[in-house]
Amino acid sequence: MAFPYILRTIDKRRSLMRNDNAPEYCAIILKGFAFSHKRTRDGLRQIVSFHTPGQMLNIQQLFLKSFDHEIQAMTKCEVATIPIAALRHLALSRVSITMALVAQAMVESSIYRQWMLNVGRRDARARVAHLLCEFAVRLGDEGIAPGRAYYIPMTQQQIGDAVGLTSIHVNRVLRAFINEGVLFKKGSEVRFLKWEKLQDVAGFNSRYLHVGDPVEGVDYSNDAGHPRQ
């Protein structure tokens with residue numbers, strides 16, 4: 001039986017999901033980048049996560065009715081939307097799917113903890129450096145090639161809203177890294193010229209991202225095609 005989904009194109013700066021409703025679907029980013037954010041009563045924005053291709057955006061809706069934040073397209077996005085009821089049925093009938101969804105939720109929790117440490121305890125240079133290191137690793141490369149161009153779509157304002165700095169402060173930090181020969185930046189293109197130094201400034205260790213880190217002894221494909229009895 002074909003799994004139900006709808007392909008949608010979301011323009012840059014448009015909302016994928018709002019916190020004033022209960023979504024009836026989960027969405028997977030196929031192309032493009034997005035971010036989740038919350039606002040204070042005064043309208044100040046805090047970006048709480050960035051989303052990359054292949055990521056499911058709102059796993060919580062499988063188990064929680066209310067949606068407590070907003071997701072906005074950072075670039076033009078192509079997403080596949082899946083009815084929550086259909087995805088919940090699949091998760092409850094396939095152990096492998098359940099494990100994969102739980103694993104993603106746990107990785108997201110790990111990233112949230114690192115972001116809290118970043119905003120709460122690191123200085124401005126370390127905050128920006130850590131965010132750049134994380135995003136580069138999450139693009140899917142096994143290693144960072146010095147001098148290679150990476151597409152980093154965040155504006156300085158968006159970086160600031162993610163690390164608790166003004167866009168002016170972010171600009172100063174980036175200029176310092178450029179002047180020190182740590183990185184090269186032109187528009188959305190970034191080249192990490194001294195990757196090890198950037199990691200050192202950030203205190204960055206990619207372990208919290210759990211890239212390629214399956215649970216030992218678990219075969220995620222052992223029930224493929226076989227509903228749980």
Side-chain angles (χ1 to χ4, degrees), residues 2-38 45-64 66-88 90-91 94 96-112 114-115 131-142 149-155 157-159 161-163 187-190 206 208-214 220:
F3 196 65
Y5 67 91
I6 297 175
L7 295 177
R8 298 177 58 198
T9 298
I10 310 296
D11 290 332
K12 182 178 179 179
R13 300 189 184 92
R14 297 297 298 273
S15 292
L16 280 76
M17 297 179 185
R18 296 182 179 275
N19 64 359
D20 57 358
N21 57 31
E24 297 180 351
Y25 60 86
C26 287
I28 300 174
I29 297 182
L30 303 179
K31 294 181 181 179
F33 300 87
F35 62 84
S36 292
H37 66 98
K38 295 178 72 72
R45 181 177 70 177
Q46 177 67 44
I47 292 177
V48 296
S49 58
F50 288 117
H51 305 295
T52 55
Q55 186 175 357
M56 183 174 289
L57 299 180
N58 56 328
I59 293 177
Q60 70 183 62
Q61 302 314 128
L62 291 177
F63 310 104
L64 301 174
S66 299
F67 192 66
D68 59 8
H69 58 283
E70 184 169 346
I71 302 178
Q72 181 175 322
M74 186 159 52
T75 66
K76 186 176 182 178
C77 292
E78 292 184 13
V79 301
T81 59
I82 305 168
I84 289 175
L87 186 58
R88 184 183 294 122
L90 181 64
R94 298 287 192 277
S96 59
I97 299 298
T98 304
M99 291 292 293
L101 292 173
V102 169
Q104 181 176 320
M106 293 301 98
V107 171
E108 289 178 359
S109 295
S110 179
I111 294 174
Y112 284 139
Q114 191 63 238
W115 275 44
L131 182 62
L132 292 176
C133 288
E134 176 185 304
F135 204 79
V137 172
R138 288 178 62 188
L139 291 180
D141 295 290
E142 295 182 358
Y150 290 86
Y151 177 62
I152 308 293
M154 299 90 76
T155 65
Q157 182 65 58
Q158 290 165 346
I159 292 174
D161 286 350
V163 300
S188 297
E189 177 185 304
V190 174
S206 64
Y208 73 96
L209 295 171
H210 300 281
V211 177
D213 186 21
Y220 287 91

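Not measured: the values here are computed from a predicted model.
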Nearest 0.5 angstrom please: [X] [atom1] to [Y] [atom2], how far?
X: Tyr208; Y: Tyr112; atom1: OH; atom2: OH; result: 13.0 Å
X: Arg18; Y: His69; atom1: CZ; atom2: NE2; result: 13.5 Å
X: Thr75; Y: Asp11; atom1: OG1; atom2: CG; result: 10.5 Å
X: Met74; Y: Phe50; atom1: CE; atom2: CZ; result: 5.5 Å
X: Glu134; Y: Ile111; atom1: CD; atom2: CD1; result: 5.5 Å
X: Leu87; Y: Ile82; atom1: CG; atom2: CD1; result: 5.5 Å

Please check if the side chain of Gln61 supplies one atom and the backbone of Leu64 the other of a donor-acceptor pair under 3.5 Å. yes
Examine distances only and state if a side-chain atom of Ser206 and a backbone atom of Leu209 form a donor-acceptor pair shorter than 3.5 Å. no
Which pair of non-hydrogen atoms, one from Pro153 and one from Ser188, has the smallest distance, and what is that distance? CA-OG, 4.2 Å
Restricting to non-hydrogen atoms, name the atom on Ile47 and the atom on Gln158 that form the minimum distance, rounded to 0.1 Å. CD1-O, 3.4 Å
Taking only distance into account, with no hydrogens and no angle test, what donor-acceptor pairs under 3.5 Å do side-chain atoms of residues 99-108 form with protein atoms, sequence neighbours excluded?
{"unit_1": "Gln104", "atom_1": "NE2", "unit_2": "Met56", "atom_2": "O", "d": "2.8"}
{"unit_1": "Gln104", "atom_1": "NE2", "unit_2": "Glu108", "atom_2": "OE2", "d": "3.0"}
{"unit_1": "Glu108", "atom_1": "OE2", "unit_2": "Gln55", "atom_2": "NE2", "d": "3.4"}

Are side-chain heavy atoms of Leu7 and Glu78 found at a separation under 4.5 Å? no
Under 3.5 Å donor-acceptor pairs involving side-chain atoms of residues 25-38, not counting sequence neighbours:
{"unit_1": "Tyr25", "atom_1": "OH", "unit_2": "Arg8", "atom_2": "NH1", "d": "3.0"}
{"unit_1": "Tyr25", "atom_1": "OH", "unit_2": "Leu16", "atom_2": "O", "d": "3.3"}
{"unit_1": "Ser36", "atom_1": "OG", "unit_2": "His51", "atom_2": "NE2", "d": "2.6"}
{"unit_1": "Lys38", "atom_1": "NZ", "unit_2": "Asp68", "atom_2": "O", "d": "2.4"}

